[in-house]
Protein chains: 2
Amino acid sequence: MPATRQHAEDLTIQEMARRSGFAESTLRYYEKIGLLGRVARDESSGHRRYGPAVAERVQALSCLRSAGMTVTGMRRYLELLALGDAAAAEQRDLFAAQAETLAADIEQLQLRLAYLRHKAELWDARVRGDAAAEQQAVEEVTRVIDRFTY
Amino acid sequence: MPATRQHAEDLTIQEMARRSGFAESTLRYYEKIGLLGRVARDESSGHRRYGPAVAERVQALSCLRSAGMTVTGMRRYLELLALGDAAAAEQRDLFAAQAETLAADIEQLQLRLAYLRHKAELWDARVRGDAAAEQQAVEEVTRVIDRFTY
DNA sequence: TCCGACACCTGAAGCGCTTCAAGTCAAACC
DNA sequence: GGTTTGACTTGAAGCGCTTCAGGTGTCGGA
């Protein structure tokens with residue numbers, strides 16, 4: 001009789017990991033550092049069971065995390081969430097600021113992508129023994145690097 | 001008489017950090033784990049001095065690192081580099097693979113960005129008490145999340 | 001000549017996970 | 001009924017840095 005009293009919609013750590021994109025180890029870690037409160041357990045096995053409320057919270061954290069938000073930022077989000085509509089303006093600002101940061105990051109990454117592609121071209125030209133193409137790739141690499149900012 | 005015998009083009013760790021985008025601590029760390037070989041020192045002060053050859057190497061690593069390459073990948077790159085043209089095909093493949101990975105990452109990040117912006121809209125609508133706008137933002141958030149892959 | 005100020009040094013600890021080692025629980029096969 | 005399989009548990013160690021604590025070397029000014 002396994003976990004008869006559990007709700008059907010409760011997720012195992014494996015399911016929670018699959019749905020959220022967090023590794024199982026990360027879910028355990030987040031619980032340990034207090035981001036998730038205490039997650040319910042199956043009484044007999046001691047395995048974690050993620051109910052709907054926790055699951056939703058995990059989903060939201062997953063989005064924020066994959067958008068580059070730090071653990072500190074996620075804590076802030078949860079604090080604001082607890083305040084509800086009273087903290088709506090702060091929430092808006094939190095998301096807007098994170099969006100701007102991410103937009104800037106993406107722009108930089110696109111430069112890095114161009115760099116990598118030109119480097120691939122460069123070595124390809126070398127494989128083919130095409131000195132002219134190699135020279136052009138070198139110039140393109142240089143041009144891209146000049147646009148890097150740190 | 002500070003470091004009279006040093007070459008003028010040698011960089012301090014601070015300059016190297018500024019030019020490469022690595023933190024000074026990261027430069028020390030990379031040296032410790034053997035990514036940079038042994039960096040020369042100013043004899044009297046014991047401070048690191050990055051000569052042109054090392055500086056170029058650091059620059060290249062910086063590009064790779066900021067394009068998402070792992071330390072393992074960077075080691076591989078340095079190995080191949082030592083082989084010169086003999087490993088040109090492997091270098092091309094290394095860069096091409098890294099480029100593909102990064103392109104996929106960027107695509108995901110653009111979704112996260114859309115998510116963040118819609119979330120900001122959502123809270124903004126709530127601040128303004130605009131239920132219709134809020135409802136629309138909720139739908140947009142949902143639509144974006146459905147396109148997430150992990 | 002002494003005094004900060006500052007850049008740098010090393011070694012150790014912390015962070016956000018990830019990986020690993022050793023063990024528990026439950027369904028399933030022989 | 002044992003035993004294997006597989007998902008799960010905890011605690012500890014590792015990774016790639018980052019931060020911190022405590023100290024050294026160099027310089028410019030009083």
Side-chain angles (χ1 to χ4, degrees), chain A residues 1-6 10-36 38-51 54-55 58 61-78 98 150, chain B residues 1-6 10-36 38-51 54-55 58 61-78 98 150:
Chain A
M1 195 188 287
T4 319
R5 304 180 59 90
Q6 307 282 149
D10 288 358
L11 304 176
T12 64
I13 195 170
Q14 186 180 217
E15 290 162 335
M16 189 73 259
R18 196 183 50 72
R19 293 200 197 184
S20 68
F22 284 131
E24 298 178 16
S25 53
T26 306
L27 290 171
R28 291 189 199 102
Y29 174 69
Y30 279 7
E31 187 179 344
K32 191 161 90 176
I33 64 171
L35 270 183
L36 305 182
R38 70 177 62 108
V39 175
R41 304 302 166 112
D42 176 287
E43 283 209 1
S44 58
S45 69
H47 293 186
R48 287 168 178 81
R49 293 291 177 252
Y50 295 83
V54 187
V58 171
L61 292 181
S62 159
C63 295
L64 299 178
R65 186 74 263 253
S66 60
M69 191 175 281
T70 62
V71 166
T72 307
M74 296 192 288
R75 269 194 223 281
R76 174 105 185 102
Y77 165 75
L78 293 174
Q98 191 61 39
Y150 298 107
Chain B
M1 194 188 291
T4 320
R5 304 181 59 89
Q6 309 281 148
D10 288 357
L11 305 176
T12 65
I13 195 169
Q14 185 180 222
E15 290 163 336
M16 189 72 259
R18 196 183 49 72
R19 293 200 196 183
S20 67
F22 285 129
E24 297 178 16
S25 53
T26 306
L27 290 171
R28 290 187 200 103
Y29 174 69
Y30 280 6
E31 186 178 345
K32 191 161 87 175
I33 64 171
L35 272 182
L36 305 183
R38 70 177 64 104
V39 175
R41 307 299 168 114
D42 176 288
E43 283 209 3
S44 58
S45 69
H47 292 187
R48 287 168 178 81
R49 293 291 177 253
Y50 295 83
V54 187
V58 171
L61 291 181
S62 161
C63 295
L64 298 179
R65 186 75 266 252
S66 61
M69 192 175 280
T70 63
V71 167
T72 308
M74 296 192 289
R75 269 194 222 281
R76 174 107 184 100
Y77 165 76
L78 292 175
Q98 191 62 39
Y150 298 109

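The figures that follow rest on heavy atoms only: side chains count, while hydrogens, waters and symmetry mates do not. As the structure is a computational prediction, the values presented were derived from the model and not from experiment. Lettering of chains follows the sequences in order, A, B, ..., and the numbering in each one begins at 1.
Atom CG of A:L35 sits about 11.0 Å away from atom OG1 of A:T26, to the nearest 0.5 Å. In this structure, CE on B:M74 lies 9.5 Å from OG on B:S62, to the nearest 0.5 angstrom. To the nearest 0.5 Å, atoms OH (B:Y30) and CG (B:L36) are separated by 9.0 Å. To the nearest 0.5 angstrom, A:H47 atom NE2 is 7.5 Å from A:D42 atom CG. Interatomic distance, OH of A:Y50 versus CD of A:E31, reported as 5.5 Å (0.5 Å rounding).
What separates CD1 of B:I13 from P of D:dT26 is a distance of 17 Å, to the nearest Å. Atom pair A:H47:NE2 and C:dA26:C1' shows a separation of 8 Å (rounding to whole Å applied). Atom CD of A:Q14 is separated from atom P of D:dG6 by 12 Å (rounded to the nearest Å). Rounded to a whole Å, the CZ atom of B:R49 is 9 Å from the C1' atom of C:dC8. Atom pair B:L27:CG and C:dA7:P shows a separation of 16 Å (rounding to whole Å applied). We find that CG of B:L11 is positioned 15 Å from C1' of C:dC8, with the value rounded to whole Å.
In this structure, B:T12 reaches the C:dC8 phosphate: one of its side-chain N or O atoms is under 4.0 Å from OP1 or OP2.
Using a 4.5 Å cut-off on side-chain heavy atoms (C-beta onward), B:V39 and B:R49 make no contact. Side chains of A:R76 and A:L64 form no contact here, defined as non-hydrogen atoms less than 4.5 Å apart.
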At a cut-off of 3.5 Å, list every protein nitrogen or oxygen paired with a nitrogen or oxygen from nucleotides 10-12 of chain D, distance to 0.1 Å.
| unit_1 | atom_1 | unit_2 | atom_2 | d |
| --- | --- | --- | --- | --- |
| D:dT10 | OP1 | A:R41 | NH1 | 3.2 |
| D:dT10 | OP2 | A:R48 | NH1 | 3.0 |
| D:dT10 | OP2 | A:R48 | NH2 | 2.8 |

Collect all protein-nucleotide pairs involving nucleotides 14-17 of chain C in which both atoms are nitrogen or oxygen and the distance is under 3.5 Å.
| unit_1 | atom_1 | unit_2 | atom_2 | d |
| --- | --- | --- | --- | --- |
| C:dC17 | OP1 | A:R65 | NH1 | 2.4 |
| C:dC17 | OP2 | A:Y30 | OH | 2.8 |
| C:dC17 | OP2 | A:R65 | NH1 | 3.2 |
| C:dC17 | O5' | A:Y30 | OH | 3.3 |

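The side-chain contact (heavy atoms from CB on, under 4.5 Å) test applied to B:R28 returns B:I13, B:E24, B:S25, B:R48, not counting sequence neighbours.
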